[in-house]
Amino acid sequence: MSAVRLARGCSRLFLLELEARAEPLCFLLRAEPSAPSCPSSTLALLSAFGSARLFSLLVHGGGRVHRARSHAELVNALSSRLPPECRVLPLTAFLPGVKDSVTRGFFLRDESTSSSSTERVLNELKQSHALTVFSYEREENGGGQYWCQELWGCPTTDTEAGENQRLYVTPVTAPQENPTALHIINSVVFYRLDDAYQVLEECRDIIPESKEVLEIVNQQLEAYRRDIRFPVVVIKGLDATGKTTLTESLQQALGATLLKSPPQCLAAFRQRFDSEPPLIRRAFYALGNYITAAQIARESLQRPVIVDRYWHSTAAYAIATAVSGAVEKLPALGSEIYEWPSDLLQPSLVLLLTVSPRERLRRLQGRGLGQTEEETQLEVNDLFRQKVDEAYKRIQNPACVTVDASPSPDQVLQQVLSLIRNKCHL
Ligand SMILES: Nc1ncnc2c1ncn2[C@@H]1O[C@H](COP(=O)(O)OP(=O)(O)OP(=O)(O)O)[C@@H](O)[C@H]1O
Ligand SMILES: Nc1ccn([C@@H]2O[C@H](COP(=O)(O)O)[C@@H](O)[C@H]2O)c(=O)n1
């Protein structure tokens, strides 16, 4: 019941993200009712929920891999099993400034006429997952009106003395540092080989393919160096912006080696890791970048190297997926989440191909190939596309040079060759 103890410590913040609001609602819990330290929008909002039954759910126990998988299972279970009148909102609990303190959960606003089906689902989920469920109730006290949180569905005898104590929801202003950024570092984007490697180590027993991936990493990185001799040019961009067309032409024009991230040696494992939650999926792609880095180092001793996607692509997709809502919600330019991993080989030049959404869609349709789920999302969700593009642009050291890839393939090639000659003195 560590989640409960933290809640009673009163320093843990609960952040409730609501689609229609630019700012999340933020509250902590106190043993005694007290006046809110900020305009009481949280209380006003809870009151506006009217007669709805309110719950929050936090995953606890087990290691981070187990928690990440539980969270992903719960997303599916809640959306498929709760009655349609029960809305599920993302909830984050964290200690301000503490990187690995973020716990992701859910806030339920249940407006179904009978409480029984929601309660049955919650009881079943508590049996199958290490889950703490809290409920919220309005309380009149000394002329004031308060909202209280207490453990739900837990007979007193089952809990340690006082653990099911009522705690008072106390609205506070959201801290400057958004917990999304805290959560991204080492859970969604990895900044050191060891950190990504460690995640797959922790998956060995539950995902057998992890062992094979780690063996490939060990082999490929045996003599990993980070220095390059000939220029290394990375081409990135959204799907169908023309990366394959351009990189193949550049390979020919420059007599270069063409490499890709993820590398071919991981191709057989992609589908398996694509079905895992972000922690595991992104660690897999991060390791792919280190394998590509080792290949770049070897090849660049002999000739220029062109790379079709690299760390920028891994990070930008991961960040855009982790940050819900508008582009403005992305951590600001200069945030450490956009910093290049210190142990990853740096390319000489990074080019970002951009085309208008309409032209990109035309190219996607013209190609008529199947699309991954994320690509489909890009197509239907312009907001997500904007976030990926913006994240690409915010990544620093090395930052990218934007190339307008709308002209004909040959014009794009000439434009890029001239950039490479200028910047890499080829
Ligand atoms: N400059 C261009 N002008 C018009 N069409 C182009 C141009 N470059 C590429 N295309 C066409 O757009 C489609 C997508 O191109 P391509 O496969 O090179 O994109 P991509 O970025 O590599 O996509 P993916 O990331 O999915 O592999 C192809 O049908 C290609 O022929
Ligand atoms: N270096 C990379 C490359 C790709 N990804 C992830 O793969 C998905 C798109 O890849 P396609 O080959 O299907 O275009 C996308 O979801 C990225 O998250 C990556 O992480 N790193």
Side-chain angles (χ1 to χ4, degrees), residues 184 188-190 196 199 234-251 258-293 295-296 306-323 340-341 344-345 347 350-379 381 384-385 387-389 391-392 395 400 403-417:
I184 283 173
V188 171
V189 182
F190 295 89
V199 174
V234 172
I235 308 292
K236 60 178 181 168
L238 291 169
D239 211 56
T241 46
K243 297 182 295 296
T244 308
T245 309
L246 176 66
T247 51
E248 286 174 359
S249 307
L250 284 173
Q251 178 186 23
L258 174 57
L259 295 172
K260 289 177 194 266
S261 175
Q264 188 53 35
C265 57
L266 291 188
F269 302 98
R270 257 187 103 173
Q271 209 181 355
R272 177 71 190 84
F273 284 90
D274 272 346
S275 67
E276 291 295 332
L279 174 74
I280 303 166
R281 175 165 192 245
R282 303 303 178 188
F284 167 79
Y285 280 104
L287 292 174
N289 288 321
Y290 284 93
I291 294 176
T292 301
Q295 297 173 344
I296 294 172
I306 305 298
V307 192
D308 184 343
R309 295 183 300 183
Y310 196 33
W311 186 80
H312 304 77
S313 299
T314 314
Y317 272 87
I319 293 167
T321 314
V323 175
W340 187 262
L344 184 65
L345 179 147
V350 183
L351 301 177
L352 170 64
L353 304 189
T354 59
V355 294
S356 68
R358 186 182 292 268
E359 170 63 8
R360 206 177 126 255
L361 196 58
R362 193 193 64 76
R363 292 184 191 180
L364 274 168
Q365 284 164 347
R367 193 170 55 174
L369 290 177
Q371 293 167 4
T372 62
E373 198 184 319
E374 246 169 297
E375 288 154 16
T376 311
Q377 200 182 351
L378 280 179
E379 206 172 300
N381 187 346
F384 187 71
R385 181 192 61 75
K387 282 191 285 185
V388 174
D389 246 355
Y392 269 140
I395 291 172
C400 63
V403 172
D404 175 10
S406 318
S408 72
D410 191 54
Q411 282 171 305
V412 177
L413 173 66
Q414 295 313 321
Q415 187 188 342
V416 167
L417 281 173

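Values in this document were obtained by computation on a predicted structure and should not be read as measured data. Both counts, for ligands and for their atoms, begin at 1 and track the order of listing. All values below were derived from every heavy atom in this structure, side-chain atoms included, with hydrogens, water molecules and symmetry-related copies excluded.
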Enumerate the atoms of ligand 1 whose separation from the nearest heavy atom of [X] is less than 4.0 angstrom.
X	answer
Gly242	8 (N), 9 (C), 15 (O), 16 (P), 18 (O), 19 (O), 20 (P), 21 (O)
Thr244	17 (O), 18 (O), 20 (P), 22 (O), 27 (O)
Lys243	18 (O), 19 (O), 20 (P), 21 (O), 22 (O), 25 (O)
Ala405	1 (N)

Enumerated ligand 2 atoms positioned under 4.0 Å from heavy atoms of [X]:
X	result
Arg270	7 (O), 8 (C), 9 (C), 10 (O), 11 (P), 12 (O), 13 (O)
Ser261	1 (N), 2 (C), 3 (C)
Arg282	18 (O)
Asp239	14 (O)

Ring pair (Phe, Tyr, Trp, His ring centres under 6.0 Å) partners for Phe273, two or more places apart: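 By the ring pair (Phe, Tyr, Trp, His ring centres under 6.0 Å) rule, Phe273 matches Phe284.
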Decide whether an N or O pair under 3.5 Å exists between Tyr317 and ligand 2.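 Looking only at distances, the answer is no, because the N/O contact criterion of under 3.5 Å is not met.
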Between Tyr310, Tyr285, Trp311, flag the one that comes closest to atom 6 (C) of ligand 2 by a heavy atom.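 Residue with the shortest heavy-atom distance to the ligand atom: Tyr285.
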Evaluating non-hydrogen atoms only, which member of Gly237, Ala240, Ser249 is closest to atom 14 (C) of ligand 1?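 Residue with the shortest heavy-atom distance to the ligand atom: Ala240.
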Would you give the length of the straight line joining atom OG1 of Thr245 to atom CG of Asp410, rounded to the nearest 0.5 angstrom?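 Nearest 0.5 Å value for the OG1-CG distance: 12.0 Å.
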